[in-house]
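Each remark here refers to the structure printed beneath this line.
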Amino acid sequence: LNTSDIVDVISESVILKKSGRNFFGLCPFQSEKTPSFSVNASKQIFHCFGCSAGGNVLSYIMKYHGITFPEAAKMLARKYNIVMETKEIDPAKRRQFNLKEDLFRLNKAVMGIYSGELIKFRKKGDNALQYLKDRGITDKTMETFSLGFSPDNWDTIVKVLKERKISKNIAVQCGLILERKQNNGYYDRFRNRLMFPIFDVNMQVAGFGGRVMDDAMPKYMNSPETPVYNKSRILYGLHAAKQFCRQEGCVYIVEGYFDFLSLYQHGIKNTVASLGTALTPDHVRILKGYASRMILVFDSDTAGINAAKRSVKIFMNEGVDTRILVLPKGNDPDSYVVKHGKKSFDELALDAKTIMQFLLQVSIDEHGLSVEGRIRVLGDMKKQLILIQDSALRSLYVKELAETLNIDEKAVLEKVKEQYLSRPGKGLFSRDGKQEDAKLESDRREEQIISLMLNHPEIIDEIKNKKVVDYFYSEKLKSLATKILNMDLQKRPFITNVMAGMENTEDQELVASYAINDFCSEQDVNQTLLS
């Protein structure tokens with residue numbers, strides 16, 4: 001923990017910019033357009049002024065990746081090439097930690113088996129390798145992404161698990177085998193398929209995707225949810241694309257493995273794929289840590305348009321700069337870049353539509369621009385306009401809609417307001433009014449004292465002597481202050497020591513809040529104590 005730098009660690013998943021003593025970025029734990037997430041390098045803490053998340057570098061890793069303390073400590077140790085000294089931890093947490101480690105190791109071993117099967121075909125010239133060649137996938141790409149092949153057998157992986165004496169519990173939880181209902185045996189989930197290992201952002205094999213090489217259904221099959229594979233948080237190719245997303249400030253989001261591989265292979269490396277599942281708010285928040293603009297790339301067929309329409313609400317709610325790129329008829333990202341190349345794709349992307357422009361065009365294509373058609377278009381668009389929380393941006397889109405439909409701007413705005421007023425909650429034309437009431441003066445003083453103790457620990461002895469904490473009104477703040485008073489003043493850095501001594505997330509977040517908000521300057525110290 002003392003070796004790590006919190007700015008360095010958090011910068012891997014949040015775009016941070018320095019402002020004064022702190023670094024600021026968009027919070028990865030909530031939807032926001034204006035940065036409220038703060039990181040202090042000297043105090044080695046983070047705090048979000050919007051959602052109150054806060055803590056030290058381990059707290060961040062645990063919350064961001066949804067993992068336990070031992071897993072976070074190991075991840076940090078791996079980053080800094082430190083041999084981690086293990087201490088006794090809760091048996092349940094140890095079992096969970098060990099299970100995940102076993103699953104990662106097993107997935108890596110199975111990836112090697114599948115890759116080995118594909119390498120054999122290079123000598124035989126078998127159909128799996130030929131299929132990849134026909135799709136334009138090079139040997140280098142196959143190697144970079146460890147593509148493989150699952151043999152057309154029922155027990156290839158079952159035999160491997162038996163040979164390695166893998167427990168039945170781990171074998172089933174890895175998602176690679178299934179239990180037979182009749183004779184209590186097991187069989188392979190993936191058979192006679194091209195295999196795509198799915199890596200998490202830490203380069204560990206979390207799961208697999210498999211594709212048939214004919215018209216059999218289902219065409220694609222992915223690993224089920226496991227303790228290490230969470231579909232709502234993992235995007236195919238992000239482990240390889242993240243540095244390029246940072247460089248370009250932009251990320252292309254496609255739907256399939258081959259779409260991703262073709263774009264990446266043609267030099268469009270700031271690309272990820274959604275693994276054929278619906279995009280989630282977690283996906284978008286993760287991507288916000290690597291790029292400020294996102295371009296969704298879809299086919300122009302009905303399925304592609306419908307997929308785009310389903311996705312846009314998530315991006316609007318997350319307040320991210322989003323564009324929709326609908327490819328010319330008869331093309332998907334894979335076929336387009338193979339036929340026309342990177343330059344043509346880049347030029348096409350320059351004309352990608354904003355979400356509202358896309359939705360407007362879809363509605364016009366459906367209803368036309370007759371009098372009745374324009375009324376229906378307005379009916380579609382007013383439902384989307386109320387979702388825009390930025391009043392200036394909403395006003396610009398209202399104006400654009402009015403000009404496109406040749407309807408008076410005031411009439412459009414009136415329709416939008418009617419739609420807003422008909423919704424329960426009515427909280428979109430003004431901020432969601434759930435703000436806390438102003439704190440009582442006593443609470444404010446108590447918060448100031450806690451902030452002083454954290455930022456000026458030399459005052460703690462004086463606070464103890466005067467028994468200041470005995471006079472606290474807030475039981476929560478009194479409890480927190482008492483914990484701080486009991487900390488070892490000789491251990492430095494003090495705030496890091498205090499954070500490590502907090503027993504629950506709520507106390508950690510409070511400490512981060514009061515530490516990053518230095519309520520008082522040094523000249524206020526005596527005045528605060530005297531009062």
Side-chain angles (χ1 to χ4, degrees), residues 1-2 6 20-22 27 29 36-60 62-63 69 72 87-90 93 434-531:
L1 181 62
N2 292 333
I6 194 168
R21 291 178 297 174
N22 296 338
C27 179
F29 309 123
S36 64
F37 183 84
S38 176
V39 183
N40 186 289
S42 62
K43 299 171 184 175
Q44 289 292 294
I45 56 174
F46 76 92
H47 175 67
C48 176
F49 296 96
C51 70
S52 299
N56 57 20
V57 65
L58 283 171
S59 311
Y60 178 82
M62 289 167 65
K63 188 173 179 65
F69 177 84
K87 296 181 179 180
E88 282 302 315
I89 59 172
D90 177 75
K93 289 183 179 178
K434 294 182 179 179
Q435 297 180 350
E436 290 185 354
D437 295 335
K439 286 184 175 293
L440 295 172
E441 182 65 18
S442 60
D443 282 352
R444 189 183 70 83
R445 288 290 175 87
E446 289 164 14
E447 289 177 332
Q448 283 182 336
I449 291 169
I450 291 175
S451 178
L452 281 171
M453 292 163 65
L454 293 167
N455 291 294
H456 307 282
E458 65 275 9
I459 201 70
I460 286 181
D461 284 339
E462 185 72 11
I463 288 175
K464 282 182 179 177
N465 293 337
K466 291 192 173 184
K467 298 183 178 180
V468 173
V469 175
D470 290 349
Y471 298 97
F472 273 31
Y473 284 94
S474 167
E475 290 300 324
K476 181 189 288 185
L477 296 179
K478 188 174 186 178
S479 172
L480 183 65
T482 302
K483 289 176 184 177
I484 296 171
L485 289 177
N486 291 330
M487 293 290 167
D488 184 353
L489 281 172
Q490 304 307 313
K491 276 194 177 181
R492 299 290 172 158
F494 183 65
I495 291 173
T496 302
N497 181 39
V498 171
M499 195 76 68
M502 294 298 111
E503 297 172 358
N504 56 65
T505 303
E506 184 181 5
D507 284 350
Q508 280 195 341
E509 290 177 346
L510 282 173
V511 168
S513 171
Y514 298 140
I516 217 160
N517 283 302
D518 197 344
F519 285 97
C520 297
S521 62
E522 292 191 42
Q523 65 186 21
D524 295 325
V525 173
N526 290 332
Q527 181 60 41
T528 301
L529 290 176
L530 288 171
S531 60

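Below, all heavy atoms of this structure are taken into account, side chains as well, without hydrogens, waters or symmetry copies. Being a predicted model, the structure only gives us computed values, none of them experimental.
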What closest approach, in Å, do [X] and [Y] show between heavy atoms, and which atom pair accounts for it?
X	Y	answer
Asn40	Arg21	ND2-O, 4.3 Å
Asn56	Ile6	C-CD1, 3.8 Å
Ala481	Met453	O-CE, 3.5 Å
Lys63	Ala53	CE-CB, 3.8 Å
Lys476	Glu506	NZ-OE2, 3.1 Å
Glu509	His47	O-ND1, 4.2 Å

TODO: Return the orientation label for the Phe46 and Phe29 ring planes: parallel under 30°, perpendicular over 60°, tilted otherwise.
DONE: tilted
[atom1]-[atom2] distance between [X] and [Y], expressed to the nearest 0.5 angstrom:
X	Y	atom1	atom2	result
Asp461	Lys466	CG	NZ	13.0 Å
Leu454	Ile516	CG	CD1	12.0 Å
Leu477	Thr482	CG	OG1	10.5 Å
Glu447	Leu452	CD	CG	12.0 Å
Leu480	Ile484	CG	CD1	4.5 Å
Asn486	Ile460	CG	CD1	10.0 Å

For the backbone of [Y] and the side chain of [X], can you confirm whether one donor and one acceptor N or O come within less than 3.5 Å of each other?
X	Y	answer
Glu446	Ser474	yes
Ser479	Glu475	no
Lys43	Ile495	no
Ser36	Cys48	no

- Test Leu510 against Ile450 for side chain to side chain contact (heavy atoms under 4.5 Å, CB included), laying out the working first. CA-CA 10 Å; Leu510 282 173; Ile450 291 175; over 6 Å; no
Check: Between Val468 and Glu462, is a side chain to side chain contact (heavy atoms under 4.5 Å, CB included) present by the stated rule, with each step listed?
Finding: CA-CA 9 Å; Val468 173; Glu462 185 72 11; over 6 Å; no
Under the side chain to side chain contact (heavy atoms under 4.5 Å, CB included) criterion, do Ile449 and Tyr514 qualify, and how do the steps go? CA-CA 9 Å; Ile449 291 169; Tyr514 298 140; over 6 Å; no
Worksheet item: Thr496 and Gln44: side chain to side chain donor-acceptor pair (under 3.5 Å), yes or no, with the steps?
Response: CA-CA 7 Å; Thr496 302; Gln44 289 292 294; over 6 Å; no
Sorted by chain and residue number, the side chain to side chain donor-acceptor pair (under 3.5 Å) partners of Lys483 (sequence neighbours excluded) come out as Asp507
